[in-house]
Amino acid sequence: MPTTRTRVAIVGAGPAGLLLSHLLAASGIESIVIDKRSRDEIESTIRAGILEQETVRVLTESGASDRVTTVGSRHDGVELRFDGQGHRIDFPSLTGRAVWLYPQHEVLKDLIAARLAGGQDIRFETSALRAEGIDSDRPIVTATTADGEELRIEADFVVGADGSRSVVREAVTGASRVGGYFREYPFAWFGILCEAPPSAHELIYSNSPDGFALISQRSPSVQRMYFQCDPDADPNALSDAQIWETLQARVPGTTLLEGPIFQRDVLRFRSFVAHELRRGRAALVGDAAHTVPPTGAKGMNLAVADVVLLERALRALLLENDERLIDGYAEKALKRIWKAQHFSWWMTSMLHVTADASDFDRLRQLGELRSVVESEAGQTYLAEAYTGWLHEA
Ligand code: PHB
């Protein structure tokens with residue numbers, strides 16, 4: 001079996017894996033990134049689009065993406081809509097921060113271009129089979145290439161940035177592939193992309209008696225919108241007219257500007273945190289380590305925060321033989337992860353309507369929403385969590 005040597009074997013060419021290889025390269029640490037998907041698939045998969053200010057800082061300061069600030073757009077607030085009224089949460093006045101709307105697949109295009117320009121070895125269509133020997137200082141990743149050949153990557157450290165179905169996680173958490181804390185939700189999002197002008201300049205998170213809706217944007221001519229649906233819903237079962245009718249009913253008080261729908265999908269979600277984030281010479285980052293419901297827009301931001309911590313720890317370990325930061329990686333990362341889990345769960349439970357909700361549940365939920373928007377402290381908590389907690393210096 002052909003064996004390749006590198007310092008860090010990174011499984012997964014999503015935002016976490018690519019950003020990690022980028023930051024490591026800047027410190028002179030060489031890596032190989034493998035991903036089972038093709039480049040085209042990675043660059044065209046539609047994901048969320050909100051970047052925290054710290055995420056934008058990391059991407060721009062490291063030279064990973066300039067387009068985030070030129071093509072992306074700064075958002076200074078969001079609207080919470082309930083009981084027929086909108087309430088704007090103003091981020092800069094509450095926190096001094098803002099967020100940026102820039103779709104994840106655009107971040108990926110920027111990262112792949114920057115990595116390839118920097119001579120990074122990225123193997124697309126190469127599926128990791130397993131990580132082994134992580135308790136030694138010569139861990140190995142075994143993979144299958146596009147041609148069906150086996151490949152062995154010998155490294156000083158292995159990183160699982162391979163998403164919610166992580167292969168590396170199995171080695172890190174021990175016994176089972178799942179090995180983590182879970183929470184399921186009884187709903188999903190029906191998402192659309194449409195050709196229309198924006199219906200609002202900022203995102204609208206709406207709680208209506210019929211369920212949740214989110215009005216987001218992509219560009220002056222393309223919009224992204226979602227509404228709460230059954231996890232088993234068939235994305236093709238509704239006509240365009242039914243989709244617009246559902247969306248309109250869920251943002252009472254706002255007139256949506258309609259246009260041709262050119263993509264639809266049903267997004268199931270859950271909360272997950274792996275029992276272990278690191279063992280020996282392997283660690284997990286991004287969705288391999290945790291998954292959050294999309295309501296708090298934390299997914300990619302958490303991945304970037306993990307990577308910033310791990311890169312620092314790997315620099316100390318591989319350049320100075322100092323194990324202190326890698327020994328503290330999981331504990332440090334988990335503090336932010338659980339705060340983000342709470343925020344994502346909270347936004348989800350506050351804004352969605354469960355099928356079995358009683359009148360009490362419904363009225364309590366409105367009381368909760370009022371507690372947020374009518375209090376500066378409540379608004380500030382939402383704004384701080386949404387714009388993201390600062391990274392440590
Ligand atoms: C999106 O634009 O796709 C989006 C924005 C905010 C979220 C989730 C998704 O909370």
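Here the structure is a predicted model, which means the values were calculated and not measured. In each ligand, atom 1 is the first atom listed, and ligand 1 is the first ligand listed. Note that the numbering runs from 1 along the sequence shown for the chain.
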Quick test of your reading: applying ring pair (Phe, Tyr, Trp, His ring centres under 6.0 Å), list the pairs with at least one residue in residues 221-258, sequence neighbours left out, ordered by first then second residue. Trp189-Tyr226, Phe190-Phe227
Taking atom types as modelled and ignoring hydrogens, do the side chains of Gln53 and Thr387 form a donor-acceptor contact shorter than 3.5 angstrom? no
Is Met347 close enough to touch ligand 1? Criterion: a residue heavy atom under 4.0 Å from a ligand atom. no
Looking only at side chains, do Tyr386 and Asn301 share a donor and an acceptor under 3.5 Å apart? no
Check: of Tyr386, Tyr226, Tyr102, min heavy-atom distance to atom 4 (C) of ligand 1 comes from Tyr226
Is there a donor in the side chain of Ser216 and an acceptor in the side chain of Gln223, or the other way round, less than 3.5 Å apart? no
With distance as the sole criterion, is a donor-acceptor pair present between the side chains of Asp162 and Ser166 under 3.5 Å? yes
Checking a contact table here: which protein heavy atom is nearest atom 2 (O) of ligand 1, and how many Å away? Ser216 OG, 2.6 Å
Using a strict 4.0 Å cut-off to heavy atoms of Ala297, name the atoms of ligand 1 that fall inside it. 7 (C), 10 (O)
Find all atoms of ligand 1 within a distance of less than 4.0 Å from any non-hydrogen atom belonging to Trp189, and give their numbers and elements. 8 (C)
Atoms of ligand 1 less than 4.0 Å from Tyr205 heavy atoms? 6 (C), 7 (C), 10 (O)
Donor-acceptor contact below 3.5 Å, side chain Gln379 vs main chain Asp90: no
Can you tell me the protein heavy atom closest to atom 8 (C) of ligand 1 and the distance? Pro294 O, 3.4 Å
